[in-house]
Amino acid sequence: MLVVSLAATLQVSAQGIITNVLGRNTFSLNGKWNYIIDPYETGYYDYRYEPYDKNPNPSGGYFLDKHAQNKSELLEYDFDKCPTLMVPKDWNSQDARLLYYEGTIWYRRLFDYKKSNPANRVFVYFGAANYETDVYLNGKKLGKHIGGFTPFTYEITSLLKDEKNSLVVKVDNKRKREGVPTLNTDWWNYGGITRDVMIVELPVTFISDYFIQLKKGSKNLITGYVRLDGIDKNQKIKIEIPELKTVAEFTTDKNGVADISIPVKKYEAWSPASPKLYQVNVSCETDKVSEKIGFRTIETKGADILLNGKPVFLRGICIHEENPIRGGRAYSKEDAQMLLGWAKELNCNYVRLAHYPHSEYMARLADEMGILVWEENPVYWTILWDNQATFENAKTQLSDLITRDKNRASVIIWSMANETPVSEARTNFLKNLAGVARSLDSTRLISAAMEVHTNPGDPLTKIVEDPFAPYVDIVNFNEYVGWYDGLPEKCDKINWVIKYNKPVMISEFGADALQGLHGDSLSRWTEEYQEDLYKRTLKMLSKIPQFRGVSPWILCDFRSPRRVLPNIQDGWNRKGLVGENGTKKKAFFVLKNFYDQQEQKYK
Ligand code: GCU
């Protein structure tokens, strides 16, 4: 026991992703947090612009919830007297003064926590915080996290008190050229602690990670691994699937890892039509954890996508992580329910979660609802391809996403990027990312939203040709014929040149329409224009021989600082099929009809 606490006392460690935190006993820190707006980062840098917590054992960071010990002590902040923000929630939609705010806000949450077992270890878990986050507990720095859309955890065993713990979190959502994403995006840069915060109590040696899925290309062999974290790494592991009367035992090696291989004969494969999930119990001598997992195979054969060996057409829609009705980032199960509910109403069997990892609730709910999922790393438009730190950042965000969702049957595609301009540096960057993804998970498909080009002098011939295409399993591209490129009638004349013997999907197409604005089909911004574009586009795409799926841009109108047309956009991208107020536009029903037909075709 002493060894553990000694290690914990010596240093406070950034913990890798703990798989299935949602399946653990947790103590929520959601709710009201006091906050300080700090545009000049006075709480972080001294007047020489030197960071307070630059020394190796920092007790710094200025806004560390200190209280004047006597009437003469100088302290120029006091969290106790500060207003509050809700967590989880972006700050932009909580206060009109913060709608456009990009900078630093300090959060503080006081909490009492008595361990259920004094020997246990304790961690603080964040579902996500955008973008750069520094975390302090009881005046001590826990660590810094970069990236706005993936979970992070710190061990706090050595710092925790039974009462009056002070958790201080500095969140800075300033956009950075070397960032992932970088300076320009077509979505609102919501800042803050945007997902759940929880205390997680775990045994001294616990099950930190596991991968339990069917082996690539096999219908009858579950493979993967289980990893332990703690001092007692060499243990017996048991995996049970009670409904399949399956029990398998393995032993971890000195690093606490056991590779698993479990034959399964008769089981119900997971699919949108029957999203069967099995209770899976993973245990070792000191810990146990359970969750519901589905088993399905996903692969490509020539131009076909095979789900459980059968050709499937992906009837999709793109989704941003936003609740248009309430405004702001979506973060809850209910938000996920609303968004995936609309997708189901469209008769979708697939969604593209754009352009960054959405909350874990989305993939888990897609598992239950029977919706196939594309998940994406926020490598968007023109990031710094030659910058090693940018690559490491992208790699970490991708790895964290895969670690978090690798046991989700619904997730079938890892996307490396969106609309990135072709260059050697870019293609190498994406190739390396694809390599990382395949090394972490060989069971799923790799793709990216690529671009289309035309030969000068022949605007009606569209060519999909990308040096990254040989490294993907599915060729996906975005096209905006009829919106950014001509009028909808142009769709009728387009000739597509796509020389890949791979499944082809259209990851985006669309047109803006203000819900409730009506006119003739040539009047931009009207529902009729959007409706006409959908009809002509779906007809155009259906002529592509390798056409195996589509995810139009986009399910709902969403906020974007790039969209400024008064009385039409007013800070919103209006390409949704559902308006800001939740009302469906005419094109919604065009797509639904098309999907009803596709469903019949692939029955
Ligand atoms: C792009 C991009 C989206 C954007 C959309 C649009 O293709 O990928 O992020 O919102 O087009 O212009 O509406």
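For ligands, and for the atoms within them, numbers begin at 1 and follow the listed sequence.
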Geometric cation-pi criterion K592 and F589, 6.0 Å radius, 45° cone
no
Quick one: does F558 get within less than 4.0 Å of ligand 1, heavy atoms only?
yes
Identify the closest protein heavy atom to atom 12 (O) of ligand 1: which residue and atom is it, and at what distance?
Y484 OH, 2.5 Å
Against E375, only a single residue in R404, R444, K406 fulfils salt bridge (Lys or Arg N to Asp or Glu O under 4.0 Å); can you say which?
R404
Kindly compute the distance separating CD (E599) from CZ (F594), expressed to the nearest 0.5 Å.
12.5 Å
Less than 6.0 angstrom from the centroid, inside 45 degrees of the normal: does R97 satisfy that with respect to the ring of W91?
no
Under a 4.0 Å N-O cut-off, is there an ion pair linking E41 with K170?
yes
With backbone taken as N, CA, C and O and side chain as the heavy atoms from C-beta onward, which portion of N418 lies under 4.0 Å from ligand 1: side chain, backbone, both, or neither?
side chain
Mode of H320 contact toward ligand 1 - side chain, backbone, both, neither (heavy atoms, under 4.0 Å)
neither
Which one of R563, E479, K575, H355 has a non-hydrogen atom at the shortest distance from atom 3 (C) of ligand 1?
H355
Is there a polar contact between ligand 1 and N573, counting only N or O atoms under 3.5 Å apart?
yes
For D90 and R329, the nearest pair of non-hydrogen atoms, with its separation, is OD1-N, 2.8 Å
So for Y380 against ligand 1, with non-hydrogen atoms under 4.0 Å, the contacting part is side chain
Is the shortest distance from a Lys or Arg side-chain nitrogen in D186 or R563 to a carboxylate oxygen in the other one below 4.0 Å?
yes
Checking a contact table here: which protein heavy atom is nearest atom 10 (O) of ligand 1, and how many Å away?
D186 OD2, 2.5 Å
In the protein, which heavy atom is nearest to atom 2 (C) of ligand 1, and how far is it?
E508 OE1, 3.4 Å
What protein heavy atom sits nearest atom 7 (O) of ligand 1, and how far away is it?
E419 OE2, 2.3 Å
